[in-house]
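We count ligands from 1, going down the list as the structure has it; atoms in each ligand are counted the same way.
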Amino acid sequence: MAGVALASGMPWACGMNSKKNAQRSLGVALVGLGSYSTYQLAPALEQTQYCHLAGIVTGTPAKEKRWASQYGLAEKNIYNYENFDSIASNSEIDIIYVVLPNSMHADFSIRAARAGKHVICEKPMAISVAECDAIINACQEARVRLGIGYRLHSEPYTREIKRFVREHTFGDPLYVMAEAAYRSTGNPDQWRLNKALSGGGALMNMGVYAIQSTIYSTGKNPISVSAQEFSTRPEYFKDTDETITAQFEFEGGVIANIMTSHNIRANRLRASCTGGWFELDPASTYIPLSGTTSKGKIEFPQESQQKLQMDDFALHILENRTNRAPGEMGKRDMIIVEAIYQSVAKGGKKVPLDLGGLGLAKD
Ligand code: NAD
């Protein structure tokens with residue numbers, strides 16, 4: 001296991017952030033300082049109890065100074081993509097969090113593992129199942145822990161849905177509808193619309209949320225999928241999928257429909273069960289989720305999902321607590337993504353899935 005950073009010399013040790021657990025806070029280095037790192041992860045790391053921002057890896061020199069002064073980072077904890085591997089000898093970094101375009105996840109996650117650091121890899125885990133396997137193998141060989149940036153598994157509304165399913169609160173789920181989509185109108189040259197960098201369009205970016213919704217709302221992995229692709233703005237979506245719908249079958253005749261899009265605004269899940277129903281709307285955004293059931297509203301205090309996610313991962317390392325989003329879960333979802341693209345290519349033909357219990361969360 002990578003070394004545990006000591007509190008001395010850290011800004012929060014002088015009382016700047018009293019939430020930190022002074023004895024047991026792991027140092028996190030963010031790789032890629034784009035919008036998710038800047039506006040979600042770094043602010044969340046100021047609220048976490050069991051980990052803190054200790055370093056950065058960036059290809060943009062102008063960001064080095066800005067981040068160093070904003071977060072009080074030591075110069076020796078600032079890396080670029082070229083000298084990244086030398087992070088191996090930095091005992092203040094325990095966890096490397098890869099927040100780069102999807103096609104770069106495998107390379108940097110594998111290098112992070114080989115540097116002896118625990119790894120959080122953003123979603124989608126990679127752009128192929130083969131890459132997911134390579135990341136999992138590298139982490140196993142280096143004996144480091146691997147988590148995927150699936151923040152919802154630490155989020156209270158989602159955890160409540162998982163409890164409903166575990167405890168049969170509404171009987172058995174029979175049908176799930178899940179949508180994860182937004183309307184993209186920005187720069188058509190952005191990496192998310194470039195297949196070489198993103199690995200795919202809406203399905204890779206948002207579809208993984210809809211896939212996950214069907215799985216935690218049924219408590220099962222799908223056994224087959226049929227899928228269709230639609231495009232209304234081919235001049236904008238030149239290289240990647242715009243809208244995909246897919247139908248899943250699960251053991252016992254349970255069924256689900258998903259829709260994912262970079263052209264439509266939608267973010268919901270609804271499960272109809274033998275004894276009632278539950279719904280989240282929105283279901284996968286990070287501010288804030290909302291839930292209703294056939295027994296009434298569900299309500300939880302709002303907290304940063306990223307804070308909860310990163311503290312959960314730190315506690316997985318520190319106390320061997322459950323890894324809520326392990327590499328196998330990211331791989332499982334990539335197997336499903338590949339099956340969906342296969343079905344689309346075959347004109348919607350049903351593609352069987354043989355996942356067993358792969359990646360099913362324990363709680
Ligand atoms: P972004 O475009 O805002 O940032 C990407 C970062 O990668 C930038 O700092 C950019 O400089 C760097 N980069 C390095 N090489 C690049 C290249 N060749 N092309 C483009 N950028 C390059 O993206 P983001 O929204 O921060 O997303 C980063 C990752 O985080 C993605 O995998 C995305 O799916 C994931 N993400 C997850 C969530 C979540 O809720 N879990 C939310 C947003 C993004």
Side-chain angles (χ1 to χ4, degrees), residues 28-45 55-64 66-67 78-82 84 96-109 111-112 119-128 131-132 135 147-155 157-158 180-182 184 186-213 239-241 260 262 267 282-289 303-310 312-313 324-325 327 329-330 333-334 337:
V28 177
L30 295 174
V31 188
L33 308 179
S35 106
Y36 196 54
S37 286
T38 304
Y39 301 112
Q40 302 301 327
L41 296 176
L45 281 164
I56 50 172
V57 184
T58 176
T60 313
K63 290 182 186 169
E64 295 181 7
R66 206 163 62 234
W67 279 67
I78 298 175
Y79 295 84
N80 56 44
Y81 300 136
E82 284 69 46
F84 170 65
I96 291 178
Y97 196 151
V98 179
V99 204
L100 289 163
N102 309 338
S103 66
M104 300 170 78
H105 289 184
D107 182 25
F108 279 84
S109 297
R111 287 164 67 185
V119 182
I120 308 179
C121 172
E122 254 315 321
K123 50 58 56 180
M125 181 173 173
I127 59 170
S128 68
E131 283 190 353
C132 295
I135 298 173
I148 308 303
Y150 283 140
R151 58 190 155 72
L152 293 170
H153 289 273
S154 299
E155 187 282 325
Y157 287 86
T158 309
Y182 66 86
S184 178
N187 180 359
D189 295 327
Q190 63 184 282
W191 68 261
R192 281 189 172 84
L193 305 181
N194 174 336
K195 194 169 180 206
L197 286 167
S198 61
L203 181 62
M204 279 280 179
N205 186 27
M206 298 302 288
V208 289
Y209 291 113
I211 290 168
Q212 287 246 327
S213 289
D239 201 26
T240 56
D241 43 283
T260 187
H262 273 162
N267 197 291
S284 59
T285 57
Y286 29 81
I287 33 165
L289 302 195
E303 269 192 286
S304 158
Q305 297 177 18
Q306 292 80 5
K307 173 204 138 186
L308 296 170
Q309 170 213 334
M310 290 187 280
D312 272 349
F313 188 67
R324 296 201 194 281
M329 186 185 275
D333 295 348
M334 196 52 53
V337 162

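The residue from Val57, Leu197, Asp189, Thr58 that puts a heavy atom closest to atom 19 (N) of ligand 1 is Leu197. Nearest-heavy-atom check against atom 12 (C) of ligand 1 across Trp191, Tyr81, Tyr39, Tyr36 picks out Tyr81.
For atom 9 (O) of ligand 1, the nearest non-hydrogen atom of the protein is Gly34 N, 3.0 Å. Given atom 7 (O) of ligand 1, the protein heavy atom at minimum distance is Pro101 CD, 3.3 Å. For atom 27 (O) of ligand 1, the nearest non-hydrogen atom of the protein is Arg192 NH2, 3.4 Å.
For an aromatic pair to be called close, the ring centres must be under 6.0 Å apart, and Phe108 with Tyr81 satisfies this.
At a 4.0 Å cut-off, at least one heavy atom of Lys63 sits close enough to ligand 1 to count as contact. Contact between Met104 and ligand 1 is present, with at least one heavy atom of the residue lying under 4.0 Å from the ligand. Using 4.0 Å as the threshold, His105 has a heavy atom nearer than that to some atom of ligand 1. Look at Phe108 and you'll find every heavy atom at least 4.0 Å from all atoms of ligand 1. Not a single heavy atom of Tyr150 lies less than 4.0 angstrom from ligand 1.
Classification of the Tyr286-Tyr36 ring pair by plane angle, with boundaries at 30° and 60°, yields tilted.
Listed for the Thr58 side chain is no donor-acceptor partner under 3.5 Å among the backbone atoms of Asn80.
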Please set out all donor-acceptor pairs under 3.5 angstrom arising from side-chain atoms of residues 199-207, sequence neighbours excluded.
{"from": "Asn205", "atom 1": "OD1", "to": "Lys123", "atom 2": "NZ", "distance (Å)": "3.1"}
{"from": "Asn205", "atom 1": "ND2", "to": "Tyr182", "atom 2": "OH", "distance (Å)": "3.1"}
{"from": "Asn205", "atom 1": "ND2", "to": "His262", "atom 2": "NE2", "distance (Å)": "3.1"}

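With salt bridges taken as basic N to acidic carboxylate O contacts below 4.0 Å, one links Glu303 and Lys307.
Residue-ligand proximity, Gly149 to ligand 1, at heavy-atom distances under 4.0 Å covers atoms 41 (N). Close contacts between ligand 1 and Arg151 involve ligand atoms 39 (C), 40 (O), 41 (N) [criterion: under 4.0 Å to a heavy atom]. Residue contact check: Val99 has heavy atoms under 4.0 Å from atoms 28 (C), 29 (C), 30 (O) of ligand 1. Listed by number with element, the atoms of ligand 1 under 4.0 angstrom from any heavy atom of Leu33 are 9 (O). Each of the atoms 30 (O), 35 (C), 36 (N), 37 (C), 38 (C), 39 (C), 41 (N) of ligand 1 lies under 4.0 Å from some heavy atom of Glu122.
For atom 29 (C) of ligand 1, a protein heavy-atom neighbour is present inside the 4.0 Å cut-off.
Note that the CD atom of Gln305 and the OG1 atom of Thr285 stand 7.0 Å from one another [nearest 0.5 Å].
Residues passing the side-chain contact (heavy atoms from CB on, under 4.5 Å) test with Thr240 are Leu193, Lys195, Ser198, Phe237, sequence neighbours excluded.
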